[in-house]
Amino acid sequence: MKALGPDFYDRPVLEVARELIGCTVEHRGAAGVIVETEAYHESEPACHAFVGLTPRTRTLFGLPGRAYVYRSYGVHALLNAVCEPEGVGAAVLIRALEPVTGLDAMRVRRSPAARRGRIGRAPGDHELCSGPGKLTQALGISLGENEGDLASGSVRIGARAAAWLEPNVLEGARIGITRAVDLRWRFCVAGNPHVSRPRPVPGR
DNA sequence: CATGGGATTGACT
DNA sequence: GTCAATCCCATGC
């Protein structure tokens with residue numbers, strides 16, 4: 001896998017969010033192709049960086065090409081790629097992957113038995129990484145990966161493979177936020193079963 | 001120092 | 001559709 005360097009991320013965050021579709025995320029031998037992203041920028045209130053530089057947002061304002069991993073709802077770790085020049089708070093949230101490598105390990109980490117005593121059925125392959133909290137769990141990505149280099153750290157993102165050079169990308173409104181809901185900064189692969197719900201409606 | 005909300009998920013009604 | 005789990009940290013007193 002050919003890892004993407006800082007220059008790839010040192011650009012407008014919307015551009016990076018669109019171009020990360022089809023790229024590959026890898027961690028500890030498990031990997032998947034990005035099929036859904038969302039862009040966040042300090043200029044709009046849904047972005048953590050909107051409040052300015054704090055201990056929490058330090059990574060967001062740091063070097064492009066680093067991972068920004070934070071805890072959501074006290075439960076899930078969410079993976080972002082820091083974008084734009086140092087000093088600008090912006091990142092792309094990785095929301096869903098199509099699993100490629102290490103499916104067995106993903107199934108184990110995503111199985112009910114691997115989670116606090118809950119019972120339930122095993123997830124299907126299309127449910128392994130179909131959400132931002134799911135994919136970090138499937139790949140074993142935790143808060144310790146925050147600020148890691150996406151080109152040389154434990155979590156890496158590689159350029160599009162041959163089969164993913166020209167993905168059919170749909171745009172839509174971002175999910176699960178309460179502010180700046182009008183911005184259509186969500187990007188998904190059309191018709192891909194690994195995209196999280198709700199899927200964006202084509203042609204809106 | 002206390003409080004409250006959040007870029008979610010899965011189980012249950 | 002409803003709801004709890006669970007924790008970091010911003011905010012306000």
Side-chain angles (χ1 to χ4, degrees), chain A residues 9 13-14 16-18 20-21 25 32 34-62 66-84 88-97 99 106-147 150 155 157 171-188 193-200:
Chain A
Y9 303 93
V13 68
L14 279 175
V16 181
R18 179 178 278 278
L20 274 176
I21 298 290
V25 178
I34 299 172
V35 295
E36 179 180 353
T37 62
E38 284 179 1
Y40 288 86
H41 188 269
E42 62 180 24
S43 62
E44 44 88 15
C47 182
H48 292 168
F50 185 72
V51 298
L53 182 59
T54 67
R56 184 194 197 192
T57 61
R58 184 173 52 92
T59 307
L60 269 176
F61 286 96
R66 300 302 183 99
Y68 170 48
V69 184
Y70 75 97
R71 189 170 297 289
S72 171
Y73 290 90
V75 182
H76 308 284
L78 268 53
L79 172 67
N80 301 250
V82 176
C83 295
E84 310 219 4
V88 178
V92 174
L93 171 66
I94 312 298
R95 282 193 60 89
L97 305 177
M106 292 188 194
R107 289 189 193 101
V108 169
R109 284 189 284 252
R110 289 275 298 132
S111 73
R115 322 179 41 203
R116 298 162 302 149
R118 296 279 191 185
I119 50 171
R121 77 194 202 300
D125 285 356
H126 65 287
E127 297 171 309
L128 287 177
C129 299
S130 57
K134 295 177 183 178
L135 72 91
T136 54
Q137 184 183 34
L139 296 196
I141 295 172
S142 62
L143 297 190
E145 262 72 41
N146 185 42
E147 219 167 9
L150 292 172
V155 178
I157 300 182
E171 302 174 11
R174 295 176 295 182
I175 304 297
I177 55 172
T178 56
R179 293 173 291 186
V181 294
D182 50 310
L183 297 176
R184 298 171 63 79
W185 285 9
R186 182 190 186 203
F187 303 92
C188 306
H194 304 276
V195 169
S196 70
R197 304 205 163 176
R199 311 255 178 77

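The basis for the numbers below is simple: all heavy atoms, side chains too, and nothing from hydrogens, waters or symmetry mates. In what follows, chains are A, B, ... by sequence order, proteins preceding strands, each numbered from 1.
Between the side chain of A/R174 and the backbone N or O of A/A180, at least one donor-acceptor pair lies under 3.5 Å. Panel note: side chain A/E145, backbone A/S142; a donor-acceptor pair is recorded below 3.5 Å. For the pair A/T136 (side chain) and A/A77 (backbone), a donor-acceptor distance under 3.5 Å is present. Using modelled atom types, one side-chain atom of A/T57 and one backbone atom of A/G52 make a donor-acceptor pair closer than 3.5 Å.
Between C/dG1 and B/dA7, the two C1' atoms lie 22 Å apart (nearest whole Å). Going from the C1' atom of B/dG10 to that of C/dC8 covers 22 Å, rounded to whole Å.
Just one of A/L183, A/I175, A/V92 meets the side chain to side chain contact (heavy atoms under 4.5 Å, CB included) condition when paired with A/E38; it is A/I175.
No salt bridge links A/R184 with A/E171; every basic N to acidic carboxylate O contact stays at or beyond 4.0 Å. Between A/R110 and A/E127, no side-chain nitrogen of the basic residue sits less than 4.0 Å from a carboxylate oxygen of the acidic one, so the salt-bridge criterion is not met.
Side chain of A/V51, nearest nucleotide from B/dG10, C/dT11, C/dC8: C/dT11.
For DNA chain B, each stem of at least three Watson-Crick or G-U pairs (distances under 3.5 Å) is given as range with range: B:1-6 with C:7-12, B:8-12 with C:1-5.
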- How does protein reach along nucleotides 1-8 of chain B, written 5' to 3' as B (base within reach of a heavy atom under 4.0 Å), S (only sugar-phosphate), or - (no contact)? -----BBB
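Atom CZ in A/R58 sits roughly 16 Å away from atom C1' in C/dA10 (whole-Å rounding).
Separating the CG atom in A/L139 from the CZ atom in A/R109 is a distance of 7.0 Å, to the nearest 0.5 Å.
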